[in-house]
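Quick notes on the structure that follows.
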Amino acid sequence: MTSKPRVFLMNNYPMNRALTRYLNGTYPGQHLWGYGTLSDKFEWVIPEGIVNFSPSSHLLQMIRKATMKLVGDPIALIKTLVGIKSGDILYAADQYSSILFAFLPQWYRKRIRYIVLVHHFPSSRFMLWSLSRADIILVLSPEVLSKLSLKQPSFIRKLRLIPWGPNLDDIVYRRGRSNRDETIMFDFCCVGRTNRDYSGIRELAGDGQLDGVIADGTSVTYYREGVSETKQGTVGYEDVVKYIINSKCVIVPLKDRELLSGLTEVAAALALNTPILMSKVSFLPFDIQQAHIGLWIDSNSANAIRSAISKLAQFQFNREIALKFNMGKFAEVLSASFTEYLN
């Protein structure tokens, strides 16, 4: 009996943990980036690496983060190379974790199909060069795809636009929709940690102009009529869903608009039909304003956020957009990318 070809999935966060949480019904499927697609034709493998290492030392955490950004996950790649065979697929669900694969000799790389998912436009020539070694480059954003095509015309035949979005049937969203409670409705919620600037929204909430909740990864602060209450600690994804379903909008104010951030909030808001206010970025699969699921904010200042929120009174959320951008549509493109190599 001939064994099925395998897909080795690499990413910049622990996929095994994400899979466990998903199977337990506490994490949505979009964070698996298509894991299990075409499982009747492919066997999926998740190699563990330094991304699974959780050092207590802040210095070691910084070293791990710097290593991932510079060269990817060398341990996960070594484990992949030990197990991978001719005809198998290396699928990197981000543009960093498999960088070192590009340094392997061509005769070796030709044995393996290499597919990379690009989240935002590469920040260096080195990153562009590493992408040139991929057989297929999946891209989330039409704008990023256009930039890559202009910057590297040789990429055009490799580029595929992939319509990422929430896994609409997830139990976490079904439970969330049933937990909507008008009696505790917030004006806003903020539920992200990395690359966020909450100074403007904290100013508005602290002055009593807005009621809401900010979960910044280290603490959760509730604002009611200018009075704040802070609790130390992190929140689970089910808490994120609870805040979003019980808020008039989700606010995603970013420090660096070129750095991919905010997908968690955007996907959940899309699944729960909650308007999004976000710093204007180019890495999303859609323009939230043109898609009528949110509004761009010009800056993170209190005035800009206040102005955007005032426009929500007449805002009509487009529920149809989730039918075009979801994990079912994502899996269709991913499947096509895999099956190109079955024959």
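Below, each value reflects all heavy atoms present in this structure, side chains not excepted, and no hydrogens, waters or symmetry copies. Note that this is a predicted model, so its numbers are computed, not measured. Positions are given from 1 along the sequence.
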Any ring pair (Phe, Tyr, Trp, His ring centres under 6.0 Å) pairs touching residues 243-289, not counting sequence neighbours?
F286-F325
When clusters are formed from ILVMFWY side-chain contacts under 4.5 Å, directly or step by step, what else is grouped with M185?
none
Under 4.5 Å side-chain heavy-atom separation, chaining through any Ile, Leu, Val, Met, Phe, Trp or Tyr, what else clusters with V82? Say none if it is isolated.
I78
Under 3.5 Å, which donor-acceptor pairs do the side chains of residues 30-38 form with other protein atoms, sequence neighbours left out?
residue, atom, partner, partner atom, Å
Q30, OE1, N167, N, 3.0
Q30, NE2, Y173, OH, 2.8
W33, NE1, Y13, OH, 2.9
T37, OG1, G34, O, 2.6

Considering only residues two or more places apart or on different chains, which pairs with a residue in residues 158-168 satisfy salt bridge (charged side-chain N to carboxylate O under 4.0 Å, His left out)?
R160-E340
Enumerate the salt bridge (charged side-chain N to carboxylate O under 4.0 Å, His left out) contacts for residues 105-130, please, sequence neighbours excluded, ordered by first and then second residue.
none
Take a 6.0 Å sphere around CZ of R257 and say whether it holds more than 12 heavy atoms from other residues, nucleotides or ligands.
yes
Please collect all salt bridge (charged side-chain N to carboxylate O under 4.0 Å, His left out) contacts where either partner lies in residues 197-216, sequence neighbours excluded, each pair once.
R202-D216, D211-R224
Which pairs of donor and acceptor atoms, one on a side chain in residues 21-28, lie under 3.5 Å apart (sequence neighbours left out)?
residue, atom, partner, partner atom, Å
N24, ND2, T20, O, 3.3
T26, OG1, R21, O, 3.1

Which donor-acceptor pairs under 3.5 Å do side chains of residues 128-139 form with protein atoms, sequence neighbours excluded?
residue, atom, partner, partner atom, Å
S130, OG, M127, O, 2.7
S132, OG, W129, O, 2.4
D135, OD2, Y114, N, 2.8

My understanding is that a hydrophobic cluster links ILVMFWY residues whose side chain heavy atoms are under 4.5 Å apart, including indirect links. Using that, what else belongs to the cluster containing L60?
L59, I63
Do any pairs count as a salt bridge (charged side-chain N to carboxylate O under 4.0 Å, His left out) and have a residue in residues 22-35, sequence neighbours left out, and if so which ones?
none
Could you pull out every donor-acceptor pair under 3.5 Å between side chains of residues 326-338 and any protein atom, sequence neighbours left out?
residue, atom, partner, partner atom, Å
N326, OD1, G328, N, 2.9
N326, OD1, K329, N, 3.0
N326, ND2, A322, O, 2.7
N326, ND2, L323, O, 3.3
S335, OG, A331, O, 2.7
S337, OG, V333, O, 3.0

